[in-house]
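Below: the structure, in structure tokens.
When a ligand or atom number is given, it counts from 1 through the structure's own listing order. For reference, positions follow the sequence shown, starting with 1.
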Amino acid sequence: MLRIRPVHLQSCWRSTLARTYSVVSPKYPPTIEILGEYHPTDEVTNITPAIISKIPLRLHKHPAHPLCTLRSLIESHYPDFSSITPPSPLVTPFKNFDELSFPKDHPGRTVTDSYYINKDLMLRTHTSAHEVEVFRDQQTKWLLTADVYRRDEIDGSHYPVFHQMEGARLFDANLSGMKEVEEDSERLEQRLLRSNIIIQDIPHISPTNPVQPEHDPVYAEAMTRNLKLSLNSLILKLFGAQQQQEPLRVRWIEAYFPFTSPSFEVEVFFGGKWLELLGCGVVVQSTLDASGVQNKIGWAFGLGLERIAMVLYSIPDIRLFWSADPRFMSQFKPGEITPFKTYSKYPSCFKDVSFWTAHGTELHENDFCDLVRDVAGDLVEDVKRIDRFVHPKTQRTSLCYRINYRSMDRSLSNEEANVVQQQVISRLQNDFGVEIR
Ligand code: PHE
């Protein structure tokens, strides 16, 4: 998510142009309760009850859940790392962005891309939001797993809540620290050399992916090598067993994150496609300074658990992770990765809605999707914009959306879908002043 390049771990940032048109005006009570605490709302509040209802679920803590098994598998690869689960997804924008050197105008900060409770409190958009706090706690080898929240479109691979795992390791920035890195790298390299893996690498450091001015280039090289070896071994552990005859193919790509340099993304070739797995890099000095950590250098990575679990378990739709249908959870045992057996889907029901937006306004797609999700919850499978035009005389915008309603655990009647659709229409009229066509 957190970079300016077009692809990211979950989806693309939309254009700045689209963002500037958002109109967010649903009526909120003066306070909202989240995890038993009340928080004031204000003019930026955009969190919805549908999102709030996901916060206590913590899928990554349910032993048989695929996300939990994957988490344990990754933790077993780093046996001497501490395992952290932050208690709440509420963070300040300072912690989510500023403390990690995000520029003031970064698109991730906008209300169309992130969920705000009020201007001083938001739902974390990535697990990196906890880096400073964990480093401050003097942790030098850690893995942190948490639910993260981003406003997004609705379809089979995008869901506004997903799970990330952040890992980091710090070494002493001196000769004995470097000896420790080299020994660890040597051990990892020897193991990888004996494995059936092809790694498409790029230089550790380059003019476009520079060493930080505060760092000794030799140390930065050693860090990057260790980071790459550590992640290549993790990827081999996760995907190697499934690959059988063919060698596992991994490729490294230059990336940009405000809180690492040099920075990378890693992709794995699986099922005939390159799959983006994670972002990583050498931790920026200002993060360690903010944490009060001195004379250390280290790396961090952040990976999306759903992406990987969907591939390892052959789970075709990201919404299934949230399914209450016993046919989903009964398939899984703690600690075992077994292919998901599809069960028949219940029939879907398409409903269209066309409307003129209120005079002089646009309606951001994320505002539309959140409204639908708020009314319909997980009954909505897919939302597509099928038409948009601006009337040449009045300059008003007309939009048409097609909503695909489908329950994951029962048959939805057309009457029931109509009731939900009617609620969507009323909310569109009340919250956004649209005129139904
Ligand atoms: N937080 C980044 C994201 O969500 C991933 C990342 C983590 C990148 C740690 C570098 C270091 O996209």
Would you mind listing which atoms of ligand 1 come within a distance below 4.0 Å of any non-hydrogen atom of [X]?
X	answer
G302	6 (C), 7 (C), 9 (C)
C280	8 (C), 10 (C), 11 (C)
F301	7 (C), 9 (C)
H126	1 (N), 4 (O)

Closer than 4.0 angstrom: is that true for some heavy atom of E265 and an atom of ligand 1? no

Can you confirm whether more than 12 heavy atoms, excluding those of I386, are under 6.0 Å from its CD1 atom? yes

Which word best sums up how the rings of Y115 and Y149 line up, parallel for under 30°, tilted for 30 to 60°, or perpendicular for over 60°? perpendicular

Hey, what's the ring geometry for F328 with F321, parallel, tilted or perpendicular (30° and 60° as the breaks)?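 Perpendicular: the ring planes of F328 and F321 meet at over 60°.
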
Test of understanding: given a 4.0 Å heavy-atom threshold, classify the contact between [X] and ligand 1 as side chain, backbone, both, or neither.
X	result
F259	side chain
S128	side chain
R150	side chain

Please indicate whether any nitrogen or oxygen in T260 is less than 3.5 Å from any nitrogen or oxygen in ligand 1. no

Consider only side-chain N and O atoms of R71 and T85, and report whether a donor and an acceptor are under 3.5 Å apart. yes

Ring pair (Phe, Tyr, Trp, His ring centres under 6.0 Å) partners of F135, counting only residues at least two apart: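 Applying ring pair (Phe, Tyr, Trp, His ring centres under 6.0 Å) to F135 gives W142.
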
Salt-bridge criterion met for R249 and E267 (N-O under 4.0 Å): no

Determine, step by step, whether Q285 and H215 satisfy the side chain to side chain donor-acceptor pair (under 3.5 Å) criterion, reporting the C-alpha distance in whole Å, the side-chain angles of both residues, the deciding distance to 0.1 Å, and the verdict. CA-CA 8 Å; Q285 195 53 45; H215 286 164; 3.1 Å; yes

